[in-house]
2 protein chains.
Amino acid sequence: MGFQPVMDARKRRILEAVTDDYINTAEPVGSRTIARRYNLGVSPATIRNEMADLEESGYLEQPHTSSGRIPSEKGYRFYVDFIMKRKPVSEDERARIRRTLAEKRREIDLIIEETARILAHLSRYAAFVLSPISRAGVFRRVEILPVDSRNVLVILIIDPGFVRTHLIATGRPLTRQQLAHIAQFLNLRLANLPLSRIGTQLLREIKSELDDYNSFVDATIEAIAQSLEDRHEEQVYSDGQVNLLEQPEFQDISKARTVLEFLAEDDALYELLSGVVETRGVTVTIGREAGHPSMNLCSMVSAPYEVRGVPMGALGVVGPTRMHYSRVVALVEFVAENLGDILTRILVM
Amino acid sequence: MGFQPVMDARKRRILEAVTDDYINTAEPVGSRTIARRYNLGVSPATIRNEMADLEESGYLEQPHTSSGRIPSEKGYRFYVDFIMKRKPVSEDERARIRRTLAEKRREIDLIIEETARILAHLSRYAAFVLSPISRAGVFRRVEILPVDSRNVLVILIIDPGFVRTHLIATGRPLTRQQLAHIAQFLNLRLANLPLSRIGTQLLREIKSELDDYNSFVDATIEAIAQSLEDRHEEQVYSDGQVNLLEQPEFQDISKARTVLEFLAEDDALYELLSGVVETRGVTVTIGREAGHPSMNLCSMVSAPYEVRGVPMGALGVVGPTRMHYSRVVALVEFVAENLGDILTRILVM
DNA sequence: TTTAGCACTCTGGTCGTGCGAGTGCTAACG
DNA sequence: CGTTAGCACTCGCACGACCAGAGTGCTAAA
């Protein structure tokens, strides 16, 4: 990172031209095309020579002998890191994003959902949003509300401003007082702890203490424990997977299946995105860099979003490696910032 | 319904054979094949004659002259209504369904989600579950819980045993007492009303009354109103859409896209399933019967699920018209019953 | 160092061709 | 009179040939 390999200006321009063209047309691009469409002031023959060099150093590749060139992963990498200019999000799109998010200003889950939707819609790829909470939060308090004689609603309140509720069947009726006791005890032990500190062992401790105190709340406390140590189920919101079917690289149904099957697994997505929370700014992951075979044909553009400088979640766009990086990078950045702003406004820190 | 068109036994057996074979192989089936694979005791020539008749009366069709026959929608209809025998769910599968649902016995949303998952998995098609609540419920009470100075959690408790929570930014701080007042007032007006009775006008009334009472709770009450009259957002759980890509009829990506795009819209699914709640038992909807162009190539097997005889929601499987009806019908029926049972056990009526 | 020219390669589309599966019809059969 | 065997006919599809177009690498000239 930050180290820029040596490459003379003309090679850069050619790599840029090949990449741009391929991104737009999805066809291998030849020297003639470049000479015609981009005026580099040199002849196709010269371009051919340069392209041969670029291929040798691994930035371009040929799908088959005597066909045009396409960028390799390394080529995309270079393009993204050193050549590409972000294509600013149009005022139209900005307005639209702001409006959409502002409309649903009331409920966090809806905002997140809407974010995934608009991101998918504007990128024309698949979009994912990892909802906030996670490690950054602090446990504030728990409330337990009787719903009926056998069900209680456990409400976990996380600072800043998030709430997780769990409807739990208790098995046996519990009185309001009993519930209050349990809640009180839990709050005593957990209040103001960072979520990252609340691990399985602490919960086990608390559980055993509560067992002594009142043996038949077992089920309840266990469920609470579960919900806290939970791998944050349901926290990845996604949209636009079908958009990928528009891409020529996924006309082959077996390729499409590999990707869509992968993207349909919540766990896989969670894993993909959870690492993003720790990054800063927009990250582009190209093809095999993701380290997952099903994603070999895909790239991901991702960014964390922050509330007052604290990263709270992440979002991203997944498309073919031949992705409109310049557009998507800017889009992801803008949406991440915007989501952060909206959340900051809603949440009281 | 109930009226069985005249059709002699041999024609029935042939229609059955054609349908079964086509369902299994996805290839148009010819007279020779039938004579070989199913021993009807007659020669291919006879079968040809019968098939010509069946085609004339609209039960079979030929993709192109001098190719085998495939069932028409009318053919499937007859097959489903009068010929097919449900293929009982294997003991293995039963056990698996019961176990899966029982595991997640604590939280209704998880149960619903898991139901969609197992249904998709066992049917190998796409599965949908419309979560309970809906018209059948009775509003029991609302609780409003302060989360922090600007956010409240509105908890709607519906009988039987369902809970909807909404995290709402109030704009201005509200005291605990104010919240209690509002809740009390709402409960006075809404408690024990069937949800079907709580319409936009009633809510508007209440809102205006509350406006008088305390003008700045506007946002809150409006949000509550919204959440009640809401088109039940997020209530359709789906899974297994990618399974459809396995089907030969969707190898053509453009066909696959039409269907998957349709199935990706929550609203469309909601519409599709919400009608099912009013039906009894398993319903099979074949191709264009669904009345939606995107579903022309698909069939749906659906059923409501009930808690103590009251229909609470619905579930269904969507696959190609060439669907394993005998298997799926039995599966859907079993899962619907099971889900009903599980919910009955959890919910206190 | 760049460019023009040229021979070569490879892909993708089009066109026949042949094969196999299946039909409809006719005539024979029980 | 229903059933069956036989036969000519029809398609769709897979296969191979063929051609055009795009693009390359190389060589030699500018």
Are any protein N/O atoms closer than 3.5 Å to N/O atoms in nucleotides 7-11 of chain D? If there are, list each pair with its distance.
unit_1, atom_1, unit_2, atom_2, d
dT10(D), O2, Ser66(B), OG, 2.7
dC11(D), O4', Ser66(B), OG, 3.3

Only one of Val335(A), Leu130(A), Val301(A) passes side chain to side chain contact (heavy atoms under 4.5 Å, CB included) with Leu315(A), and that residue is Val335(A)
Using atom types as modelled and distance alone, determine if a side-chain donor or acceptor of Lys74(A) lies under 3.5 Å from a backbone N or O of Ser57(A). yes
Side-chain donor/acceptor of Thr19(B) to backbone N/O of Leu15(B), under 3.5 Å: yes
What residues 67-76 of chain B contributes to the DNA chain C interface at heavy-atom separation below 4.0 Å is Ser67(B), Gly68(B), Arg69(B)
With a cut-off of less than 4.0 Å, is there a side-chain N or O of Thr46(B) near OP1 or OP2 of dT3(D)?
no
With a 4.0 Å limit, can you tell me whether Arg32(A) has a side-chain N or O closer than that to the phosphate oxygens OP1/OP2 of dT24(D)?
no
The complete set of side-chain hydrogen bond (donor to acceptor under 3.5 Å, both in side chains) pairs with one or both residues in residues 288-297 of chain A, sequence neighbours excluded, reads Glu73(A)-Arg288(A), Arg77(A)-Glu289(A)
Residues 23-32 of chain B vs side-chain hydrogen bond (donor to acceptor under 3.5 Å, both in side chains), sequence neighbours excluded, gives Asn24(B)-His324(B), Ser31(B)-Arg48(B)
Nearest-nucleotide check on DNA chain D, Gly30(A) vs Ser43(B); residue mapping nearer the 5' end is Ser43(B)
Item checked: NZ/NE/NH1/NH2 to OD/OE distance under 4.0 Å, Glu249(B) and Lys255(B) -> no
Residue pairs passing the ring pair (Phe, Tyr, Trp, His ring centres under 6.0 Å) test with at least one member in residues 9-49 of chain B, sequence neighbours excluded, are none
Here the gap from Arg96(A) atom CZ to Ser90(A) atom OG, rounded to the nearest 0.5 Å, amounts to 9.5 Å
Look for any protein N or O under 3.5 Å of an N or O in nucleotides 27-30 of chain D and output each such pair with its distance, or none.
none

Sub-6.0 Å ring centroid separation between Tyr237(B) and Phe128(B)
no
**Item:** More than 12 heavy atoms from other groups under 6.0 Å of CD on Glu91(B)
**Value:** yes
